[in-house]
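Here the structure is laid out as structure tokens; the discussion comes afterwards.
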Protein chains: 2
Amino acid sequence: MVGDAEATKRRLLDAGTAEFAKYGIAGARVDRIAAAAAANKAQIYHYFGSKEGLFDAVFDEFVAQTLREVPIDPADLPEYAGRLFDGYLRHPELTRIASWYRLERAETSEPLQSILKANQGKVDAIAQAQADGVLPSRFDPADLLALVLTIAGMWTAMTPEYHDLVRSETVEHRRKVITDAVRALLA
Amino acid sequence: MVGDAEATKRRLLDAGTAEFAKYGIAGARVDRIAAAAAANKAQIYHYFGSKEGLFDAVFDEFVAQTLREVPIDPADLPEYAGRLFDGYLRHPELTRIASWYRLERAETSEPLQSILKANQGKVDAIAQAQADGVLPSRFDPADLLALVLTIAGMWTAMTPEYHDLVRSETVEHRRKVITDAVRALLA
DNA sequence: CTCTCGTAACTAACCATTCAGTTAGAAGAA
DNA sequence: TTCTTCTAACTGAATGGTTAGTTACGAGAG
């Protein structure tokens with residue numbers, strides 16, 4: 001063989017992640033991705049079919065990784081939210097890629113079964129915990145999960161102008177705001 | 001006069017709003033905007049300087065309108081969050097435009113003073129209410145505002161896959177989840 | 001005439017995608 | 001081993017359509 005197909009795909013995925021996180025799908029340039037991956041443009045089409053195909057591959061990988069890294073714990077939702085926050089800190093591209101997906105791709109492509117199933121599983125786990133009395137039943141399971149996920153991502157979803165108001169806050173403080181807020185929902 | 005400059009600007013702003021909401025800045029096409037506004041492409045450059053100039057004009061207008069339409073009431077934050085939710089329902093483009101701004105424009109352009117000032121004013125109002133004992137002091141003012149704003153926008157910021165789980169929920173139910181959640185934060 | 005508003009045609013660059021061809025290792029035959 | 005053939009991986013260059021931005025000109029009102 002001339003090269004290593006798996007290694008080339010890997011480099012294209014990594015370069016695509018950085019490019020898409022920064023510029024989105026419409027703003028991404030296949031030339032830049034190929035250059036950053038030290039690969040030829042045509043390889044993108046050979047391995048992923050199209051620019052959007054590469055984005056989908058990048059996004060799929062992120063979804064799988066996140067689902068693996070941060071499992072839900074229905075008995076301790078505040079800490080679950082905190083761990084989600086930690087995950088967003090570890091992978092800053094994640095939230096941007098997710099936003100681009102929502103804005104540019106979601107209406108075009110089919111709902112991702114992996115996300116759908118994962119969410120359903122989490123809702124079921126919360127419902128079970130509520131039935132067991134481990135969790136208060138003030139909110140419907142799906143609504144409670146939505147609240148927890150939203151609050152966990154609150155700092156990354158904020159308009160940049162807001163950061164000037166809270167610039168002095170430490171990471172630990174922000175994490176505590178999240179866990180405290182989720183705790184308040186359950187009180 | 002051959003035409004009406006103000007009316008032309010107005011049409012360009014409206015067409016730009018729809019185009020940018022749908023495709024973002026990189027994805028927007030000036031030809032489509034001009035056609036939708038029944039105007040000429042060159043008019044965009046005459047009145048707004050560039051594609052990004054038009055986006056900024058569109059965004060500025062949205063910001064001003066929202067700040068005018070939904071004034072804060074520190075003594076009743078749950079209802080404030082509810083009114084924000086109502087505003088997002090009335091202007092569906094708003095949240096998308098705001099997301100595009102955050103992803104595509106915020107890093108390039110200066111922080112918008114209007115947003116900065118408005119946020120500062122809200123933080124001050126919350127701090128005052130806390131000092132007056134109208135509002136519990138469990139959260140710092142800026143953190144509490146961030147929580148309220150985040151929760152108010154929770155349904156629009158959700159990944160589309162999530163909507164399949166809560167499809168049956170009515171608008172009223174979603175609004176109640178928001179006001180209940182903010183109420184829980186203040187308990 | 002002059003000023004404002006508007007337009008059609010143009011350009012130069014850009015960009016996703018394709019393709020004809022090259023490279024180098026593998027495998028089989030003698 | 002050595003020669004031949006096959007093929008996956010890769011490449012440089014082209015293609016064809018698109019796009020932001022420009023320019024030179026027209027037309028009506030005062």
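Rounded to whole Å, atom C1' of D/dT19 lies 11 Å from atom CZ of B/Arg32. One interatomic measurement links the two molecules: CG of B/Asp4 to P of D/dA29, which rounds to 14 Å at whole-angstrom precision. The CD-P distance, from A/Glu6 to D/dA8, rounds to 15 Å in whole Å. Across the protein-nucleic acid pair, B/Phe48 atom CZ and C/dG6 atom P stand 12 Å apart, rounded to whole Å. Rounding to whole angstrom units, CD of residue B/Gln43 and C1' of D/dA20 are separated by 16 Å. In this structure, A/Lys51 atom NZ and C/dT18 atom P are separated by 14 Å, rounded to whole Å. Here D/dT19 presents its P atom at 17 Å from CD of B/Glu52, a figure rounded to the nearest Å. Per the geometry, CG belonging to A/Leu54 stands 11 Å off P belonging to C/dT17, to the nearest Å.
In this structure, OH in B/Tyr80 is found 10.0 Å from CG in B/Asp73, a value given to the nearest 0.5 Å.
Picking from D/dA20, D/dT11, C/dA16 the nucleotide with the shortest atom distance to the side chain of A/Asp31 gives C/dA16. When each of D/dG12, C/dA16, D/dA20 is scored by its nearest atom to the side-chain atoms of A/Ala42, the top-ranked nucleotide is D/dG12. If you check C/dC15, D/dG21, D/dA9 against the side chain of B/Tyr45, the one that comes closest is D/dG21.
A donor and an acceptor atom never sit less than 3.5 Å apart when one is taken from the side chain of A/Asn40 and the other from the base of D/dA9. The base of D/dT11 has none of its N or O atoms less than 3.5 Å from a complementary donor or acceptor on the side chain of A/Lys41.
Among the protein residues, A/Ala26 comes within range of no part of the nucleic acid, since none of its heavy atoms lies under 4.0 Å from any strand. Residue B/Ala28 is in sugar-phosphate contact alone, with no base atom involved, counting any heavy-atom pair closer than 4.0 Å across all strands shown.
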Would A/Asp86 and A/Arg90 count as a salt bridge (charged side-chain N to carboxylate O under 4.0 Å, His left out) here? Give the steps.
CA-CA 6 Å; A/Asp86 298 338; A/Arg90 259 199 314 280; 5.7 Å; no
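At most 12 non-hydrogen atoms from other residues, nucleotides or ligands lie less than 6.0 angstrom from NE2 of B/His46.
Using a 4.0 Å cut-off, some side-chain N or O of A/Arg29 falls inside it from OP1 or OP2 of C/dA16. Within the 4.0 Å cut-off from OP1 or OP2 of D/dC10, at least one side-chain nitrogen or oxygen of A/Thr8 is found.
When the side chains of ILVMFWY residues are joined at heavy-atom separations under 4.5 Å, either directly or via intervening members, B/Tyr23 and B/Phe20 end up in two distinct hydrophobic clusters. In the hydrophobic cluster analysis, where Ile, Leu, Val, Met, Phe, Trp and Tyr join through side-chain heavy atoms closer than 4.5 angstrom, A/Met158 is grouped together with A/Leu147.
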